[in-house]
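As structure tokens, the structure follows; a few thoughts come after it.
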Protein chains: 2
Amino acid sequence: MKIGEAAAASGVSAKMIRYYEDIGLIDAPPRSASGYRHYREEDIHMLLFVRRGRELGFSMPQLRTLTSLWRDKTRASADVKRLANDHIATLNARIASLQAMADTLKTLARQCQGDARPDCPILDALRQPQADRSQPQDHSGQK
Amino acid sequence: MKIGEAAAASGVSAKMIRYYEDIGLIDAPPRSASGYRHYREEDIHMLLFVRRGRELGFSMPQLRTLTSLWRDKTRASADVKRLANDHIATLNARIASLQAMADTLKTLARQCQGDARPDCPILDALRQPQADRSQPQDHSGQK
DNA sequence: ATCAACCTTACCACCATGGCAGGGTCAAGC
DNA sequence: GCTTGACCCTGCCATGGTGGTAAGGTTGAT
């Protein structure tokens, strides 16, 4: 299978397949006499594996570890689980960070009249020193 | 105030201050005879404004609009509010995407023994065609 | 033989940020 | 005045994952 077919079959662009090979994430496939890369079913599985890992938000270093675990038939599932749990923690942190931004903005937007007048608590908040801007309607202290 | 002091006062690195000037996000300040940039209080406020906007996750194009709204004393607060709401929607989309990744991984990790044996549903899921992996305890069909 | 569709490598661009190099400036201490 | 150290200036390089483009080779079908 040539690279174009491999790309179509795996959903990874030919460009990225070459890149992944370049950085050593996937093995270099055999070449034809004229230099064309030649992929087998197994290679397509690897590309699908990488693509799905990316879709789950794994970083390239994590993916490197994941693929080596995948190839290692004697791996311990605990190693995979630990990596997954690490990644879940990372995702949760990013979610919390984005959620904090959204919460702040929601509060500010709620306070903004949104009419033709120039007064705007959103701009005010950006102008002034950092104040506690998180959900002021809730004074119970629970997050 | 020289750029180093402005950086310390605003929390924006000197490097980034020059960059923001370069791309026209902030105005070029006056220079001393020897070429040193000279900042006033007002400029520091602008830098703080930009920094807080970045902390809230606004993109550079959005910040460009925000700063021009900030400078425009005759702006309509509706314009600011619309920009904020757009950004909230973007943030929500990113949160939902990350949350979906985390949910999938949590489900897989829960199914993984995490012991010394190699069998691992996480790797299996990455190997196989996309299946419905979202919260399998719910069979109602609602997404 | 020709032509289109594919393949190859090797660049450039993005964007926000940091780092480094090479050289100028300023202020304090002597 | 001279030295020294802390600052400032510009300009270049690197990042990371992806897309684009260009110039040239291969293949297969007509």
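We name chains A, B, ... by the order of the sequence lines, and we start the count at 1 in each one.
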**Report entry** Nucleotide C:dC15, atom P - distance to CG of B:Asp22 in whole Å
**Finding:** 13 Å
Requested in this report: Could you please name the option among C:dA16, D:dT10, C:dT8 that lies closest to any side-chain atom of B:Arg31?
Outcome: D:dT10
Query raised in the report: What's the CE-P distance between B:Met16 and C:dC15, to the nearest Å?
Result: 13 Å
Requested in this report: Take atom CD of B:Glu21 and atom P of D:dC8, then tell me their distance rounded to the nearest Å.
Outcome: 14 Å
Query raised in the report: Looking only at side-chain N and O atoms, does A:Ser13 come under 4.0 Å of OP1 or OP2 in D:dT18?
Result: no
Query raised in the report: So do the side chains of A:Ile17 and A:Glu21 get within less than 4.5 Å of each other, counting heavy atoms only?
Result: no
Query - Side chain of B:Tyr19 - closest among D:dC8, D:dT18, C:dA16 - result: C:dA16
Query - Ion pair B:Asp43/B:Arg37, N-O distance below 4.0 Å - result: no
Query raised in the report: In whole angstroms, how far is the C1' atom of D:dT27 from the CD1 atom of A:Ile3?
Result: 16 Å
Requested in this report: Name all residues meeting the ring-ring contact (aromatic ring centres under 6.0 Å, His included) criterion together with A:Phe49; count only those two or more places apart in sequence or in a different chain, and write none if there are none.
Outcome: A:Trp70
Query raised in the report: Below 4.0 angstrom from OP1 or OP2 of C:dT17, is there any side-chain N or O of B:Arg51?
Result: no
Query - B:Asp72: side-chain contact (heavy atoms from CB on, under 4.5 Å) partners, not counting sequence neighbours - result: B:Thr74, B:Arg75
Report task. Please tell me which of A:Lys2 and A:Arg54 maps to the more 5' nucleotide of DNA chain D, matching each residue to the nucleotide holding its nearest heavy atom. Result -> A:Arg54
Query raised in the report: Should B:Met60 and B:Tyr20 count as side-chain neighbours, where that means a heavy-atom distance under 4.5 Å?
Result: yes
Query - A:Met60 CE - D:dT15 P separation (whole Å) - result: 14 Å
Report task. May I ask you to evaluate whether B:Tyr20 reaches the phosphate of C:dT17, defined as a side-chain N or O under 4.0 Å from OP1 or OP2? Result -> yes
Report task. For A:Ile23 and D:dT18, give me the distance from atom CD1 to atom C1', rounded to whole Å. Result -> 12 Å
Query - Polar contact flag, side-chain donor to acceptor under 3.5 angstrom, B:Thr65-B:Gln62 - result: no
Query - Short side-chain N/O contact to D:dG17 OP1/OP2 from A:Arg18, under 4.0 Å - result: no
Requested in this report: Rounded off to whole Å, could you give me the CD-to-C1' distance for the B:Glu5 and D:dC7 pair?
Outcome: 10 Å
Query raised in the report: When you measure from the side chain of B:Ser77 to the backbone N and O of A:Cys120, does any donor-acceptor pair fall under 3.5 Å?
Result: no
**Report entry** Sub-4.0 Å heavy-atom contacts from residues 32-47 of chain A onto DNA chain C, ordered by number
**Finding:** A:Gly35, A:Tyr36, A:Arg37
